[in-house]
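Everything below concerns the one structure shown next.
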Amino acid sequence: MSVVSLLGVNILNNPAKFGDSYQFEITFECLEALKSDLEWKLTYVGSATSSEHDQDLDTLLVGPIPVGVNKFIFEADPPDTSKIPDAEILGVTVILLTCSYDNREFVRVGYYVNNEYDSDELNADPPPKPIFEKVRRNILAEKPRVTRFAIKWLVLGA
């Protein structure tokens, strides 16, 4: 049984411009007092063909965690466009929101993200070099892929 359960993730700014920060309202429940903080991380998958373009956008330590239902806002910067191949900017990619306890990942939420221009003309005939100010991202928030991992929990009093 998991000591921490993810109850919900609400994406606060969706759709948004490609260069806007990511904002998530995260709600989780903690059943026992924990010895360590929770580590939340947001990763942008920059290429479908190579993990070398993946970027950890931000990491946030949350703690100490009170027993009960907890909620916070996690804000992360957008990806560094210089680290993404131009051919991989538009189209569908993935972002991964993960949470770890004591360096052990126990939940991962994956979202598909569609990046496209904000005009039909640019989408029909995209320029060879992306115009980032005109690219919008749309996180497909209705269908996240949630994966849970069983880990050993270190709790106070144990």
Side-chain angles (χ1 to χ4, degrees), residues 1-85 88-116 118 132 135-158:
M1 181 178 98
S2 184
V3 173
V4 176
S5 296
L6 181 63
L7 300 179
V9 177
N10 185 20
I11 302 169
L12 300 179
N13 61 338
N14 189 46
K17 292 181 179 179
F18 187 86
D20 288 351
S21 65
Y22 289 84
Q23 297 173 9
F24 299 89
E25 179 184 70
I26 298 170
T27 307
F28 65 93
E29 184 175 24
C30 184
L31 301 177
E32 298 184 49
L34 300 175
K35 290 183 178 180
S36 302
D37 294 344
L38 297 177
E39 180 183 42
W40 295 86
K41 180 169 63 172
L42 184 65
T43 303
Y44 182 89
V45 177
S47 171
T49 58
S50 171
S51 62
E52 76 179 80
H53 302 290
D54 293 358
Q55 297 178 48
D56 289 342
L57 301 182
D58 206 349
T59 300
L60 177 68
L61 292 175
V62 177
I65 307 291
V67 172
V69 175
N70 299 273
K71 184 184 292 191
F72 71 98
I73 305 293
F74 182 20
E75 186 168 349
D77 289 335
D80 179 346
T81 56
S82 70
K83 297 179 179 177
I84 305 170
E88 301 270 2
I89 296 292
L90 299 176
V92 177
T93 189
V94 172
I95 56 170
L96 300 171
L97 177 66
T98 60
C99 190
S100 300
Y101 177 71
D102 199 32
N103 292 317
R104 293 184 298 269
E105 183 180 336
F106 67 92
V107 68
R108 177 184 305 161
V109 184
Y111 294 97
Y112 287 111
V113 181
N114 186 37
N115 296 316
E116 64 183 0
D118 57 9
F132 292 104
V135 176
R136 294 188 57 79
R137 70 165 189 255
N138 184 15
I139 301 169
L140 305 179
E142 309 80 38
K143 296 183 179 177
R145 167 122 186 192
V146 180
T147 307
R148 292 174 175 81
F149 306 95
I151 66 167
K152 181 172 172 50
W153 293 90
L154 302 174
V155 296
L156 294 176

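Residue indices begin at 1 and follow the sequence shown.
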Sub-4.5 Å side-chain heavy-atom contact between [X] and [Y]:
X: Thr93; Y: Glu88; result: no
X: Lys41; Y: Ser100; result: no
X: Leu34; Y: Pro64; result: no
X: Arg108; Y: Phe149; result: yes
X: Asp102; Y: Lys35; result: no
X: Ile26; Y: Leu6; result: yes
X: Leu97; Y: Leu42; result: yes
X: Val4; Y: Tyr101; result: no

> Would you call the rings of Phe18 and Tyr44 parallel, tilted or perpendicular, where under 30° means parallel and over 60° means perpendicular?
Replying inline: perpendicular
>> Parallel, tilted or perpendicular, judged at 30° and 60°: which one describes the rings of Tyr22 and Phe24?
In response: parallel
Which value, rounded to the nearest 0.5 Å, describes the distance between [X] atom [atom1] and [Y] atom [atom2]?
X: Phe74; Y: Thr59; atom1: CZ; atom2: OG1; value: 6.5 Å
X: Leu140; Y: Arg145; atom1: CG; atom2: CZ; value: 15.0 Å
X: Leu38; Y: Thr98; atom1: CG; atom2: OG1; value: 11.5 Å
X: Leu96; Y: Tyr111; atom1: CG; atom2: OH; value: 11.0 Å

Main chain of [Y], side chain of [X]: is a donor-acceptor contact present, judged purely on distance under 3.5 Å?
X: Asp37; Y: Leu61; value: no
X: Asn138; Y: Asn114; value: no
X: Asp80; Y: Ser82; value: yes

Taking all heavy atoms of [X] and all of [Y], pick out the closest pair and write down the distance.
X: Glu32; Y: Val3; answer: N-CG1, 3.7 Å
X: Ala33; Y: Val67; answer: N-CG2, 3.5 Å
X: Lys83; Y: Gln55; answer: CB-NE2, 3.6 Å

>> A quick test of your reading: do over 12 heavy atoms of other residues, nucleotides or ligands sit less than 6.0 Å from CZ of Arg104?
In response: yes
>> I'd like to check the side chain to side chain contact (heavy atoms under 4.5 Å, CB included) partners of Glu75; sequence neighbours left out, ordered by chain and number.
In response: Ser21, Gln23
